[in-house]
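In what follows, a single structure is set out as structure tokens and then discussed.
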Amino acid sequence: MTNATVVGFSGNLARPSKTRGFVEHFVNEIAGRHGLAAATFDRDDVGPTLGAARWTRDLDDTGRKVLDAVVGAEVLVVGSPTYKGSYTGLFKHFFDLIDPSAIVSTSTPENFEIFFQAPR
């Protein structure tokens, strides 16, 4: 895959964030193992228009660039801190703006390994 990108998106509400660090770790690990480009974003990177956006066209240029990166990713790594037993609302809202058919064909490299190693 040429110019393949691993994109991470974290639903954290503040910086610094353990969730963003966790997502970024996996993005960099996957990208390094498979020779892919890497980028990680969080809710703050989308900008102030996210909360009021009803459609992708309602996002400002900054938010649209993040959304385009997520949609254009070959590998997507997402994470959200839990709030009252669920993911954050703006995290869900961001993904609700994306047409599901836009990411349904996101592929992974041949022999791609999914891994998780919990800290001890």
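What you see is a predicted model; the values in this text were computed from it and never measured. Keep in mind that the numbers below use all heavy atoms, side chains included, and drop hydrogens, waters and symmetry copies.
Within the model, atoms OG1 of Thr88 and CG of Asn12 stand 8.0 Å from one another, a figure rounded to the nearest 0.5 Å. Expressed to the nearest 0.5 Å, how far CH2 of Trp55 lies from CG of Asp96 amounts to 11.5 Å. Distance OG/Ser80 to CG/Asp42: 11.0 Å, rounded to 0.5 Å.
Residue Val46 is grouped with residue Val71 when hydrophobic side chains (ILVMFWY) are merged at heavy-atom distances under 4.5 angstrom, including chains of intermediate members. Hydrophobic clustering places Val70 together with Leu90 (ILVMFWY residues linked when any side-chain heavy atoms are closer than 4.5 Å, directly or through intermediates).
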**Request:** Report the C-alpha separation of Leu67 and Thr56 in whole Å, then their side-chain angles, then the decisive distance to 0.1 Å, and conclude whether the side-chain contact (heavy atoms from CB on, under 4.5 Å) test is met.
**Result:** CA-CA 8 Å; Leu67 188 130; Thr56 57; 3.9 Å; yes
**Item:** Test log, rule side-chain contact (heavy atoms from CB on, under 4.5 Å), inputs Phe9 and Asp45
**Value:** CA-CA 10 Å; Phe9 188 84; Asp45 293 320; over 6 Å; no
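In terms of heavy-atom proximity, Gly8 sits nearest to Val23 at CA-CG1, 3.7 Å. Contact detail for Thr19 and Ser10: the closest heavy-atom pair is CG2-OG, 3.3 Å. When all heavy atoms of Arg43 and Leu50 are compared, the closest pair comes out as CG-CD2, 3.8 Å. Heavy atoms only, all atoms of each residue included: Val27 and Ala38 are closest at CG1-CB, 3.6 Å.
Residues Asp44 and Arg20 are not paired through a salt bridge, judged by the lack of any N-O separation under 4.0 Å between the basic side chain and the carboxylate.
At a threshold of 4.5 Å between non-hydrogen side-chain atoms, the residues Leu97 and Leu59 count as touching.
In this structure, the ring-ring contact (aromatic ring centres under 6.0 Å, His included) partners of Phe91, at least two apart in sequence or on a different chain, are Phe95. When the ring-ring contact (aromatic ring centres under 6.0 Å, His included) test is applied to Tyr87, no partner is found at least two apart in sequence or on another chain.
Every pair tested for salt bridge (Lys or Arg N to Asp or Glu O under 4.0 Å) that includes a residue from residues 54-63 fails, sequence neighbours excluded, so the list is empty.
For the pairing with Phe26, the side chain to side chain contact (heavy atoms under 4.5 Å, CB included) check across Val77, Val78, Val6, Val75 returns one residue only, Val77.
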